J.: 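Take this structure first; my questions come after.
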Amino acid sequence: MERFVDVAPGVRLWVEERGAPDAPALLLVMGALASGLGWPDELVESLAEQHHVIRYDHRDTGRSTWSFDEQPYPLTALAEDGVAVLDALGVERAHLVGLSLGGMLVQLTVADRPERVLSATLIGTGALSSVPYERPDGTRIPAEELPGASPALLEMWSRPVEDHGPEAELERRVEHWRALGGDRIPFDASYTREQERRIIAHTGHHHAGTAHARADASGMDRTEALAQTEVPTLVVSASAEPVFPPPHAHHIAQAVRGARLVEIPGMGHALPREVHAPLAAAILEHTGRTDHAGRTDEAGSGGRTTPGGADAASRTPRHT
């Protein structure tokens with residue numbers, strides 16, 4: 001089911017629901033400048049076997065309102081939008097799954113609105129915490145000194161995005177996803193091209209958004225709240241992650257009270273078909289541990305498993 005919901009004066013978001021309406025709700029929160037269709041259908045359908053899955057287009061993406069130039073907003077407003085979506089659908093509490101900037105928005109919700117969150121899953125993101133990272137040997141690294149995005153991505157992001165028509169924009173996106181995917185899983189350009197062609201058709205135009213890269217990223221640190229949270233949290237560690245490379249996932253697991261860590265071998269900062277099954281298994285195992293009151297069957301201990309066999313705000317990726 002598709003619908004539009006009003007989240008602020010003059011701002012409507014496109015929302016899609018899949019799965020049984022009476023199943024536990026699961027909200028998928030995409031990254032910067034990315035439509036909700038960035039969550040592949042195959043992954044959504046796997047999650048919908050056990051959940052009422054909700055995905056949506058952020059402001060200035062997809063079929064939602066594009067109004068940043070007339071109505072600028074801070075990045076924190078995007079987290080409030082997620083809660084507004086739940087309100088509009090009559091969902092009291094939900095499992096939240098966030099990728100990249102979406103992982104930061106989920107952390108904001110965990111910190112600011114924990115009563116709305118059954119569990120959190122954080123993928124390809126950085127901690128909204130100033131807690132230093134502690135290496136296995138006990139040495140500590142300040143959060144702001146953790147490694148940033150790969151040089152290839154930084155160079156790509158430094159180029160101005162020029163409009164040379166829909167086909168050129170399509171190819172630019174494909175090459176961007178090639179860089180985001182990392183170097184472990186073979187890149188499927190045809191699959192990615194069809195995904196992006198569908199997103200362009202869904203959006204109604206091919207123009208690249210820039211709103212989230214221009215939005216105010218201040219006021220996102222949640223060090224104390226994350227260190228004290230009782231929301232069950234899973235952190236996905238992707239071995240080929242080029243935007244928030246290791247040890248960012250381990251840093252989050254240290255910064256968020258009780259967080260567990262799961263590794264998806266070969267995964268980068270993208271959702272190719274090869275990661276759908278292990279990622280869905282990890283998410284469903286995590287949500288399955290949590291009852292409707294938001295408690296886990298076993299207290300989280302920061303342990304690490306493998307399924308199926310900074311000032312983080314300053315590191316907000318420009319794309320996804």
Side-chain angles (χ1 to χ4, degrees), residues 1-32 34-67 71 73 75-123 198-199 202-204 212 231-234 271 280 283-284 286-288 290-295:
M1 177 187 295
E2 298 181 25
R3 66 174 80 181
F4 288 89
V5 302
D6 295 316
V7 298
V11 179
R12 306 186 79 195
L13 303 186
W14 174 87
V15 177
E16 182 197 66
E17 302 168 80
R18 295 197 187 188
D22 59 348
L26 187 151
L27 182 70
L28 296 172
V29 187
M30 240 302 149
S35 161
L37 292 191
W39 296 102
D41 284 350
E42 300 91 335
L43 177 60
V44 173
E45 289 297 336
S46 294
L47 297 174
E49 292 178 6
Q50 298 183 29
H51 289 286
H52 170 203
V53 178
I54 305 159
R55 62 178 172 177
Y56 66 101
D57 289 339
H58 292 300
R59 305 183 193 200
D60 292 278
T61 73
R63 294 174 65 190
S64 293
T65 302
W66 290 56
S67 60
Q71 297 176 277
Y73 50 82
L75 287 179
T76 53
L78 299 180
E80 297 167 4
D81 286 351
V83 175
V85 168
L86 298 181
D87 288 341
L89 301 183
V91 174
E92 181 179 355
R93 308 188 74 194
H95 299 280
L96 270 55
V97 178
L99 171 66
S100 196
L101 173 64
M104 295 182 184
L105 302 180
V106 169
Q107 290 176 71
L108 289 173
T109 309
V110 165
D112 299 346
R113 301 297 302 275
E115 77 281 1
R116 306 301 299 273
V117 187
L118 286 169
S119 76
T121 299
L122 309 176
I123 309 167
R198 180 170 171 239
I199 289 171
H202 165 78
T203 303
H212 301 164
V231 173
T233 301
L234 178 70
L271 299 171
I283 294 170
L284 293 175
H286 178 58
T287 60
T290 308
D291 66 21
H292 291 290
R295 296 181 294 258

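Keep in mind that what you see is a predicted model, and the values were worked out from it rather than measured.
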J.: Ignoring hydrogens and geometry, is there a side-chain-to-backbone donor-acceptor pair from Arg93 to Val117 under 3.5 Å?
T.: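 Such a contact is found between Arg93 side chain and Val117 backbone.
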J.: Does the His212 side chain pair with the main chain of Arg59, one donor and one acceptor, at a distance under 3.5 Å?
T.: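 Looks like yes, one N/O pair under 3.5 Å.
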J.: So which heavy atom on Leu99 is nearest to which on Trp39, and how close?
T.: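 Minimum heavy-atom separation between Leu99 and Trp39: CB-CH2, 3.8 Å.
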J.: I'd like to check the side chain to side chain contact (heavy atoms under 4.5 Å, CB included) partners of Ala25; sequence neighbours left out, ordered by chain and number.
T.: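 Only His52, Ile54, Val91, Ala94 meet the side chain to side chain contact (heavy atoms under 4.5 Å, CB included) criterion with Ala25.
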J.: Indicate the atoms forming the closest heavy-atom contact of Ala280 with Ser46, along with that distance.
T.: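 The pair with the smallest heavy-atom distance is CB-CB, 3.9 Å.
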J.: Do the side chain of Arg116 and the main chain of Glu92 share a donor and acceptor less than 3.5 angstrom apart?
T.: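 Yes; at least one donor-acceptor contact below 3.5 Å.
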J.: Please round to the nearest 0.5 Å and tell me the distance separating atom OG1 of Thr121 and atom CG of Leu96.
T.: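 If we round to the nearest 0.5 Å, Thr121:OG1 and Leu96:CG are 9.0 Å apart.
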J.: Is any side-chain heavy atom of Val106 closer than 4.5 Å to a side-chain heavy atom of Val97?
T.: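 No. Closest side-chain heavy atoms not under 4.5 Å.
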J.: Determine the minimum heavy-atom distance between Val231 and Ala120, stating which atoms define it.
T.: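 In terms of heavy atoms, the two residues are closest at CG1-N, 4.0 Å.
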J.: Taking atom types as modelled and ignoring hydrogens, do the side chains of His51 and Thr287 form a donor-acceptor contact shorter than 3.5 angstrom?
T.: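 Side chains of His51 and Thr287: pair found under 3.5 Å.
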J.: Considering all heavy atoms of both residues, which atom of Thr203 and which atom of Trp66 are nearest to each other, and what is their separation?
T.: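 Heavy atoms only, the tightest pair is CG2-CZ2, 3.9 Å.
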J.: For residues Asp57 and Gly62, report the shortest heavy-atom separation together with the two atoms involved.
T.: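 It is OD2-CA, 3.3 Å.
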J.: Heavy-atom distance under 4.5 Å between the side chains of Val29 and Thr109, does that happen here?
T.: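 Counting from C-beta outward, Val29 and Thr109 never come under 4.5 Å.
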J.: Quick check: do Leu28 and Val53 have side-chain heavy atoms less than 4.5 Å from each other?
T.: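 Sidechains of Val53 and Leu28: in contact.
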J.: Using modelled atom types and a 3.5 Å cut-off, is there a donor and acceptor pairing between side-chain atoms of Ser64 and backbone atoms of Trp14?
T.: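 Yes, Ser64 side chain to Trp14 backbone: donor-acceptor pair under 3.5 Å.
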J.: Considering residues at least two apart in sequence or located in another chain, which fulfil the side-chain hydrogen bond (donor to acceptor under 3.5 Å, both in side chains) criterion with Arg55?
T.: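 side-chain hydrogen bond (donor to acceptor under 3.5 Å, both in side chains) list for Arg55, sorted by chain: Glu16, Asp41.
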J.: Any chance the side chains of Tyr73 and Asp60 put a donor and an acceptor closer than 3.5 Å?
T.: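 Yes, a side-chain donor-acceptor pair sits under 3.5 Å.
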J.: Test Arg3 against Glu17 for side chain to side chain contact (heavy atoms under 4.5 Å, CB included), laying out the working first.
T.: CA-CA 9 Å; Arg3 66 174 80 181; Glu17 302 168 80; 2.9 Å; yes
J.: Got Leu26 and Ile283 here, is their nearest side-chain heavy-atom distance under 4.5 Å?
T.: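 Yes, side chains in contact.
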J.: Show every salt bridge (Lys or Arg N to Asp or Glu O under 4.0 Å) that has at least one partner inside residues 43-52, sequence neighbours left out.
T.: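 Counting only pairs at least two positions apart or across chains, the salt bridge (Lys or Arg N to Asp or Glu O under 4.0 Å) contacts touching residues 43-52 are Arg18-Glu45.
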J.: Using atom types as modelled and distance alone, determine if a side-chain donor or acceptor of His58 lies under 3.5 Å from a backbone N or O of Met30.
T.: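 Pair found, side chain donor or acceptor close to backbone of Met30.
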J.: Could you pull out the closest heavy-atom pair between Thr290 and Ser119, with the gap in Å?
T.: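 What the structure gives for the nearest pair is OG1-CB, 3.9 Å.
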